[in-house]
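Worksheet: the structure to be examined is printed underneath.
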Amino acid sequence: MNILPQAFYNRPTLQVAQDLLGCFLVRKYPFPYEGEGRVRLEKFKIVETEAYNGPNDRASHASRGRTKRNEVMFGSSGIIYVYFTYGMHYMLNIVTGPKDFPAAVLIRAVEPMKSPLDKGGLGDFQSNGPAKLTKALRIDKSFNGLPIYIKKHGLWIEGRDWKLPKSQIVKAKRIGVDYAGIYKDKLWRFYIKASKFVSKKNRAI
DNA sequence: CAAGAGATCATCT
DNA sequence: GATGATCTCTTGA
């Protein structure tokens with residue numbers, strides 16, 4: 001298991017967002033239904049990401065300065081940023097770049113590695129959208145501020161040992177950021193061309 | 001298929 | 001007091 005180290009995230013956001021495609025988001029959590037003390041280990045391939053890149057990016061929470069909500073974006077890289085929105089949804093981000101440069105990668109869609117036939121597993125849930133995947137993986141605000149580069153908190157990312165050809169990476173406009181001026185047209189959303197698990201609004205380029 | 005509305009509330013102004 | 005890094009359902013062409 002090659003867990004991605006903190007240094008992986010301490011690079012330009014646009015680079016990290018693309019390099020995360022094809023890597024594996026892993027979730028480990030107690031699953032008492034299988035017996036006392038049992039845990040489940042679920043693995044998902046990351047197939048879609050978005051970059052939120054610095055203080056000038058008007059689509060980013062960080063564009064209006066530091067607040068209580070977005071302060072982890074200003075911290076060191078490899079830290080989980082989870083926020084709550086639309087009164088019901090959690091969004092999973094990983095902070096990137098150096099300290100005091102507010103940037104993060106939003107994980108928008110993952111592909112379950114588990115058999116859909118495995119009833120009771122996370123594979124039974126839809127994970128092709130940023131809110132759907134946090135629901136499927138049981139990720140909420142309690143993860144906000146925790147490091148993703150250690151296994152301790154039951155959520156980490158493992159690298160891939162194969163190369164993802166550049167031709168397989170699609171660059172597209174980010175979703176739901178029409179208010180962001182010229183930044184709404186930045187091609188800062190990335191997804192794996194061949195994946196059937198990309199979020200639904202994947203066609204706009 | 002596309003467009004619009006409703007859900008629902010923490011966070012920000 | 002307004003809004004949103006979303007999703008699902010309904011309506012209508």
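Nothing here was measured: the structure is a model prediction, and the numbers come from that model.
- A sub-4.0 Å separation between OP1 or OP2 of C:dT6 and a side-chain N or O of A:R108 is present.
- Salt-bridge check for A:K184 with A:D178: failed, with every basic side-chain N at 4.0 Å or more from each acidic carboxylate O.
- Ranking C:dA5, B:dT11, C:dC7 by closeness to the A:K132 side chain, first place goes to C:dC7.
- As judged by a 4.0 angstrom heavy-atom cut-off over every strand, A:A59 is placed among the base-contacting residues.
- Residue contacts shown for A:Y52 include a base, since a base heavy atom lies under 4.0 Å away.
- Look at OH on A:Y90: it is 10 Å from C1' on B:dC9, rounded to the nearest Å.
- At whole-Å resolution of the value, CZ in A:R64 and P in C:dA2 are 16 Å apart.
- With contacts defined as side-chain heavy-atom distances shorter than 4.5 Å, the pair A:Y81/A:R69 qualifies.
- The nucleotide whose nearest atom lies closest to any side-chain atom of A:H61 is, among B:dC9, B:dT8, C:dA5, C:dA5.
- A:V110 and A:I157 fall within a single hydrophobic cluster, where Ile, Leu, Val, Met, Phe, Trp and Tyr are joined by side-chain heavy atoms under 4.5 Å apart, directly or via other members.
- Side chains of A:N10 and A:Q6: no donor on one and acceptor on the other come within 3.5 Å.
- For A:Q18 (side chain) and A:L14 (main-chain N/O), a donor-acceptor pair under 3.5 Å exists by modelled atom type.
- Note: CG (A:N70) to P (C:dG4) measures 16 Å, nearest angstrom.
- Atoms NZ (A:K68) and C1' (B:dT11) sit 11 Å apart, rounded to a whole Å.
- The residue A:M91 sits close only to the backbone: its heavy atoms come under 4.0 Å of sugar-phosphate atoms, none of a base.
- As a whole-Å value, the separation of A:N128 CG from C:dT8 C1' is 13 Å.
- Set against B:dC9, C:dT6, C:dA5, the side chain of A:F84 has B:dC9 as its closest nucleotide.
- Put simply, CZ on A:R58 is 18 Å from P on B:dC12, counting in whole angstrom units.
- In this structure, B:dT8 forms no base pair with any nucleotide, since neither Watson-Crick nor G-U wobble geometry is met with both distances under 3.5 Å.
- Ring-base stacking between A:Y83 and C:dA5 is not satisfied when judged by a centre separation under 5.5 Å and a plane angle under 30°.
- Nearest nucleotide to the A:Y86 side chain, out of B:dA10, C:dT6, B:dA7: C:dT6.
- Across all strands shown, C:dA5 remains unpaired; no Watson-Crick or G-U wobble contact has both distances below 3.5 Å.
- For the pair A:Y179 OH and B:dT13 P, the computed distance is 13 Å after rounding to whole Å.
- No contact: A:R174 has no heavy atom under 4.0 Å from any strand.
- For A:I175, the listed nucleotide lying nearest its side chain is C:dT6; candidates were C:dA5, B:dT8, C:dT6.
- Nearest nucleotide to the side chain of A:L106, out of B:dT8, B:dC12, C:dA5: C:dA5.
- Put simply, the side chain of A:H89 and the base of C:dA5 share no donor and acceptor less than 3.5 Å apart.
- When atom types are taken as modelled, the side chain of A:N70 and the backbone of A:G65 share a donor-acceptor pair closer than 3.5 angstrom.
- Candidate nucleotides B:dC12, B:dT11, C:dA5 were compared by shortest atom distance to the side chain of A:T67, and B:dC12 ranks first.
- Rounded to whole angstrom, the span from the NZ atom of A:K186 across to the P atom of C:dA5 amounts to 19 Å.
- The listed nucleotides are C:dA5, C:dC7, B:dA7; the one nearest the side chain of A:M88 is B:dA7.
- Within the nucleic acid shown, A:K184 has no heavy atom closer than 4.0 Å to any nucleic acid atom.
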